Amino acid sequence: MTKPNEDSPRGFAFAVSAYLLWGFLPIYMKAVSHISPAEVIAHRVIWAIPVAGLVLIIMGRTRDLRIALTTPKMLAMGFVTAALISVNWGIYVWSIATGHTLDAALGYYINPLFSVFLGAILLGERLTRAQFVAILLAAAAVGVLTYDAGKLPIAAIGLTLTWGFYAFFKKWLPIGPNQGFMLEVLLLAIPALMLIGYLVATGENHFFVGNPQDTLLLLGCGVVTAVPLMLYANGAKLLRLSTIGILQYVAPTLIFLVAVFLFGEEFGRARMIAFPMIWLALVIYSASLLRESRKGRKAREKPAPCDA
C-alpha cells in the first residue's frame, strides 16, 4: 500500500496523463466548434455515463452511488456540483469555439490562487505573505486585461469562479470522486436528453445527421470528458498536495501553447504584461507551497522525545 502523504509512480502517471489530456482538449473542442456549445455539453454528459459506469463496475464501487441517489442531502449537493461543472464546461466550449482559448488558459492559471482565496474567505484559513502577494499579482493581471479591453475577461473569470466553487463544494460531497462524477452526469442526463430532443424536433441536431464525422466526435465527447477526470481523481489520492499543486499548471500551459501556436490567437501587449504577472504569482505560490510541504515533512520525521 502507498504510505500516506507520499508520491507514488502510479499517482504521478495518473495525474500527468489527466493534465496532458486536458491540455490538448482544445484541439478536440475546436473540431466541434461549428456545433453549438449546448449540444456539445449535452453529448459530453450523455456519453460520459457509460464510460464512468463501466469504471465503477470494474472497481466495484456501485453501492456508494446507490446510497447517494437515495440520500436527499447528497443529492442536493450533487445538484450543486453538477450545475457548476456544466456551466464550466459551457464556458470552456464557448471559449474555444469563439477564439478565446487564451482566456481559458488564463482562467485555469488563476484557479489555484482563487482556491486559496476561497479558503481564506469561506473557511477562515490564514494566508501566508507569499500567498497574499500572489493573489494581488493575479488580481493586478486581470486589471491590466480589463483596462486594455475596456471590459472584464468574462470567460477567464467565469472558468475560475465555476471551477473554484466546484472544487470547493466537491470536497463536501461524502462519496469518492469517481462516484461523485457519475452522480453529476446522471443528474445532468435529464436536461441533456431534453435538449437533444428539442434539437431533433427543430432539425438543429448534428448527431446522425449530415457529416458522419460530427457523430463520431460527439460520441467521443464522453471519453474526453470522463477519462481525464477519473485519471485525475485517482492520481490525486496517490500524490502529495504540493505535487498536485505544481502539476496543475501543465494543462493551462499546454492550452496557452495550443492557443498561440496552433490556433494563432493574438498575444497582444496587454497579455504580454498580464501573463508574466500570472506566471510570477504562480512561482511565488508554488515556492510557498513547497516550503510548507518541506516543513511539514521535517516535522513528521523528527523523532519524538523519549520519556525519562
Side-chain angles (χ1 to χ4, degrees), residues 14 17-58 82-83 85-105 108 155 158-159 162-163 178 181-233 251-252 254-265:
F14 281 143
S17 298
Y19 285 123
L20 288 174
L21 289 172
W22 275 328
F24 290 112
L25 183 58
I27 299 173
Y28 194 98
M29 290 295 110
K30 201 71 168 180
V32 294
S33 61
H34 60 287
I35 302 174
S36 73
E39 185 175 0
V40 173
I41 299 306
H43 283 281
R44 289 188 76 173
V45 169
I46 290 168
W47 302 117
I49 292 174
V51 178
L54 180 62
V55 170
L56 289 184
I57 291 170
I58 293 172
I85 195 62
S86 63
V87 174
N88 180 272
W89 288 345
I91 297 171
Y92 180 82
V93 173
W94 175 87
S95 299
I96 306 303
T98 57
H100 291 82
T101 309
L102 278 172
D103 285 342
Y108 288 122
L159 288 170
T162 52
W163 185 262
N178 292 330
F181 174 70
M182 183 63 173
L183 175 63
E184 289 159 1
V185 290
L186 284 174
L187 293 175
L188 292 169
I190 294 176
L193 287 169
M194 290 174 64
L195 174 62
I196 290 176
Y198 170 79
L199 293 173
V200 170
T202 56
E204 298 178 12
N205 66 303
H206 290 77
F207 194 67
F208 278 124
V209 175
N211 189 351
Q213 183 179 338
D214 289 345
T215 298
L216 293 175
L217 287 169
L218 290 172
L219 276 171
C221 282
V223 175
V224 300
T225 297
V227 170
L229 273 169
M230 291 188 157
L231 285 172
Y232 168 78
L254 289 174
I255 294 171
F256 171 85
L257 294 174
V258 166
V260 174
F261 295 106
L262 285 185
F263 297 167
E265 291 191 15

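Computed from a predicted model, the values in this text were never measured in an experiment.
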Qualifying residue, where the test is side chain to side chain contact (heavy atoms under 4.5 Å, CB included) with Asn211 and the options are Asp214, Thr215, Val209
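Option passing the side chain to side chain contact (heavy atoms under 4.5 Å, CB included) with Asn211: Asp214.
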Tell me the closest heavy-atom pair linking [X] and [Y], and the distance in Å.
X	Y	result
Val93	Ile41	CG2-CD1, 3.6 Å
Leu254	Gly23	CB-CA, 3.6 Å
Leu159	Thr162	O-OG1, 3.3 Å
Pro37	Gly90	CB-O, 4.4 Å
Ala31	Leu217	O-CD1, 3.8 Å
Glu265	Leu102	OE1-N, 3.1 Å

Hey, does [Y] have a side-chain heavy atom less than 4.5 Å from the side chain of [X]?
X	Y	result
Val40	Cys221	yes
Phe261	Leu257	yes
Trp22	Pro252	no
Glu39	Val32	no
Val185	Met182	yes

Checking side chain to side chain contact (heavy atoms under 4.5 Å, CB included) for the pair Thr225/Phe181: CA distance, chi angles, key distance, verdict?
CA-CA 10 Å; Thr225 297; Phe181 174 70; 4.1 Å; yes
Is the Tyr232 ring parallel, tilted or perpendicular to the Tyr19 ring (thresholds 30°, 60°)?
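Answer is perpendicular, since the angle exceeds 60°.
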Where does the angle between the aromatic ring planes of His100 and Trp94 fall among parallel (under 30°), tilted (30 to 60°) and perpendicular (over 60°)?
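Rings of His100 and Trp94: parallel, under 30°.
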Look up atom CD1 in Ile196 and atom CD1 in Ile46, then write down how far apart they are to the nearest 0.5 Å.
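Going from CD1 on Ile196 over to CD1 on Ile46, the span is 3.0 Å.
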Point-to-point distance, once rounded to the nearest 0.5 Å, from CD1 of Ile91 to CG of Asp103:
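These two atoms lie 11.0 Å from each other.
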Under 3.5 Å, side chain of Glu184 to main-chain N/O of Ile85, donor-acceptor pair present?
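Side chain of Glu184 to backbone of Ile85: no pair is present.
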Taking His43 as the fixed residue, which of Trp89, Phe208, Phe207 is the one that meets the ring pair (Phe, Tyr, Trp, His ring centres under 6.0 Å) rule?
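Running ring pair (Phe, Tyr, Trp, His ring centres under 6.0 Å) over Trp89, Phe208, Phe207 with His43 returns exactly one hit, Phe207.
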Test side chain to side chain contact (heavy atoms under 4.5 Å, CB included) applied to Ile96 and Tyr28, step by step:
CA-CA 10 Å; Ile96 306 303; Tyr28 194 98; over 6 Å; no
